[in-house]
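Sequence lines set the chain letters: A, B, ... in the order given, protein chains first and strands last, and positions in each chain run from 1. Just the heavy atoms: all of them, side chains too, but no hydrogens, waters or symmetry mates, feed the values below.
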Protein chains: 2
Amino acid sequence: MLTDEYRYKILKELQQDPDLSQRELAKRLGISLGKANFCLKALIEKGSIKADNFKNSANKTGYLYLLTPKGIEEKVTLTQRFLQRKIAEYEALEQEIEQLRREVKA
Amino acid sequence: MLTDEYRYKILKELQQDPDLSQRELAKRLGISLGKANFCLKALIEKGSIKADNFKNSANKTGYLYLLTPKGIEEKVTLTQRFLQRKIAEYEALEQEIEQLRREVKA
DNA sequence: TTATCATCGTTCACCAATTGAACATGGTCA
DNA sequence: TGACCATGTTCAATTGGTGAACGATGATAA
């Protein structure tokens, strides 16, 4: 399934590196090839990414996965949402660590 | 499957509250009854917990899940390891947040 | 006592998510 | 041309998790 986390990560990776095989993408995200393929297709389906056959990069086979305007906008939104979530996690983690420290002492 | 996280959490919950049904334990950990049962059995199998029939608590049915000496020791180790991991996560999160902030600015 | 009820631990058929081997396609090079 | 390699696609198989259902046991009421 395509969570916000993977949506964000895929958009981020492809924005900075559009010529990226699904295998390499999968490796970077720590997921399987099948899942990478599934998520990527979902993003293409929703119009966030366009798979371009025109290859002017070193790798002539495969696609160029380009973010559409909608995809770029989506990535901004996701980044902000992600930042908020991470800040919340950060604070929760602070509490948890303090609790663990108390536990270790006892 | 029984991860360090659940091992730690189960030992923690049962140490402070040995008369705890598997259903209640599952609820506290946010997992299903089946998984709680599986994890608990694994801990009993490995000798970290002993299921005691002698019930002197309010709830006369079910078991008392008592930590064995080995279980107590294991919990200490797990707590320390957990603390270290959480500190690492905390610092990683700090970096990630900073990165996200930069990204939002651009 | 007997019947009923509630709660417990246990089981396991079912579902969803993930995996990666296998395949088809197309570009590259000798 | 033919052999080769990297790519995207597919899908059977595995894994992990779920919670309804079941049998057992103690509490309660008749």
Side-chain angles (χ1 to χ4, degrees), chain A residues 1-68 71 78, chain B residues 1-68 71 78:
Chain A
M1 76 163 310
L2 177 51
T3 61
D4 271 6
E5 180 181 358
Y6 288 117
R7 236 206 302 273
Y8 164 71
K9 287 182 178 174
I10 291 174
L11 290 177
K12 180 184 172 187
E13 290 293 338
L14 292 182
Q15 189 174 46
Q16 78 173 52
D17 200 353
D19 63 342
L20 202 58
S21 71
Q22 295 186 6
R23 282 173 177 78
E24 178 60 24
L25 180 64
K27 194 185 298 177
R28 291 196 190 180
L29 301 198
I31 59 181
S32 70
L33 174 59
K35 184 172 179 177
N37 178 268
F38 176 83
C39 292
L40 198 49
K41 277 188 171 175
L43 283 170
I44 291 170
E45 181 68 25
K46 293 186 178 178
S48 304
I49 292 176
K50 183 171 178 299
D52 196 332
N53 271 50
F54 184 75
K55 304 135 208 139
N56 51 3
S57 74
N59 186 7
K60 295 298 184 199
T61 184
Y63 294 102
L64 232 55
Y65 298 107
L66 300 169
L67 269 62
T68 63
L78 282 173
Chain B
M1 76 162 309
L2 178 51
T3 61
D4 269 8
E5 179 181 358
Y6 288 118
R7 236 206 302 274
Y8 163 72
K9 287 183 178 176
I10 291 174
L11 290 178
K12 181 184 171 188
E13 289 293 338
L14 292 182
Q15 189 175 45
Q16 77 174 54
D17 201 353
D19 61 342
L20 204 56
S21 71
Q22 295 187 6
R23 282 173 177 79
E24 178 60 25
L25 180 65
K27 194 185 297 177
R28 290 195 189 179
L29 302 197
I31 59 181
S32 71
L33 174 59
K35 184 171 179 179
N37 179 267
F38 177 82
C39 293
L40 198 48
K41 275 188 173 175
L43 284 169
I44 291 171
E45 181 68 25
K46 292 186 178 176
S48 304
I49 292 175
K50 182 173 180 298
D52 196 332
N53 271 49
F54 184 76
K55 303 132 206 141
N56 52 3
S57 74
N59 187 7
K60 296 297 182 198
T61 185
Y63 293 103
L64 232 56
Y65 298 107
L66 299 169
L67 269 63
T68 64
L78 281 172

On the nucleotide C:dT10, are OP1 or OP2 found under 4.0 Å from the side-chain N or O atoms that B:N37 carries? yes
Inter-residue atom distance B:L29.CG - B:E5.CD, 0.5 Å rounding: 9.0 Å
Could you give the distance from CG (B:L40) to OH (B:Y63), rounded to the nearest 0.5 Å? 10.5 Å
CD1 (A:I10) and CG (A:L78) are apart, to the nearest 0.5 Å, by 11.0 Å
Can you pull the salt bridge (Lys or Arg N to Asp or Glu O under 4.0 Å) pairs that have at least one residue in residues 35-47 of chain A, sequence neighbours excluded? none
From CA spacing to verdict: side-chain contact (heavy atoms from CB on, under 4.5 Å), A:R28, A:L20: CA-CA 10 Å; A:R28 291 196 190 180; A:L20 202 58; 3.6 Å; yes
Between B:D4 and B:K9, is the closest basic N to carboxylate O distance under 4.0 Å? no
Yes or no on side-chain contact (heavy atoms from CB on, under 4.5 Å) for B:D17 and B:D19, after CA distance, side-chain angles and deciding distance? CA-CA 6 Å; B:D17 201 353; B:D19 61 342; 2.7 Å; yes
When rounded to whole Å, the CZ to P distance for the pair A:F38 and C:dA17 reads 8 Å
Whole Å only: how far is the CD atom of A:E24 from the P atom of D:dT7? 9 Å
Quick one: A:L29 CG to C:dT19 P, roughly how many Å, whole number? 11 Å
Just by protein heavy atoms under 4.0 Å, how would nucleotides 16-21 of chain D read 5' to 3' in B, S and -? -SBBBB
For DNA chain C, what residues of residues 40-48 of chain A have any heavy atom nearer than 4.0 Å? none
Whole Å only: how far is the CG atom of A:D19 from the P atom of D:dA6? 15 Å
Please state how far atom CG in B:L25 lies from atom P in C:dT7, giving the value in whole angstrom units. 18 Å
Relative orientation of the end axes in the helix from C:dT1-D:dA30 to C:dA30-D:dT1, expressed as an angle to the nearest 10° (five pairs per end): 10°
Could you tell me the separation between the OH atom of B:Y63 and the C1' atom of D:dT25, rounded to a whole number of Å? 11 Å
So which pairs with a foot in residues 7-53 of chain A pass ring-ring contact (aromatic ring centres under 6.0 Å, His included), sequence neighbours left out? A:Y8-A:F82
Separation of B:L25 CG from B:L14 CG (nearest 0.5 Å): 5.5 Å
Any side-chain N or O of B:Q22 under 4.0 Å from OP1/OP2 of C:dT10? yes
Interatomic distance, CD@A:Q22 vs SG@A:C39, rounded to 0.5 Å, equals 10.5 Å
Among residues at least two apart in sequence or on other chains, which ones pass side-chain contact (heavy atoms from CB on, under 4.5 Å) with B:A42? B:L2
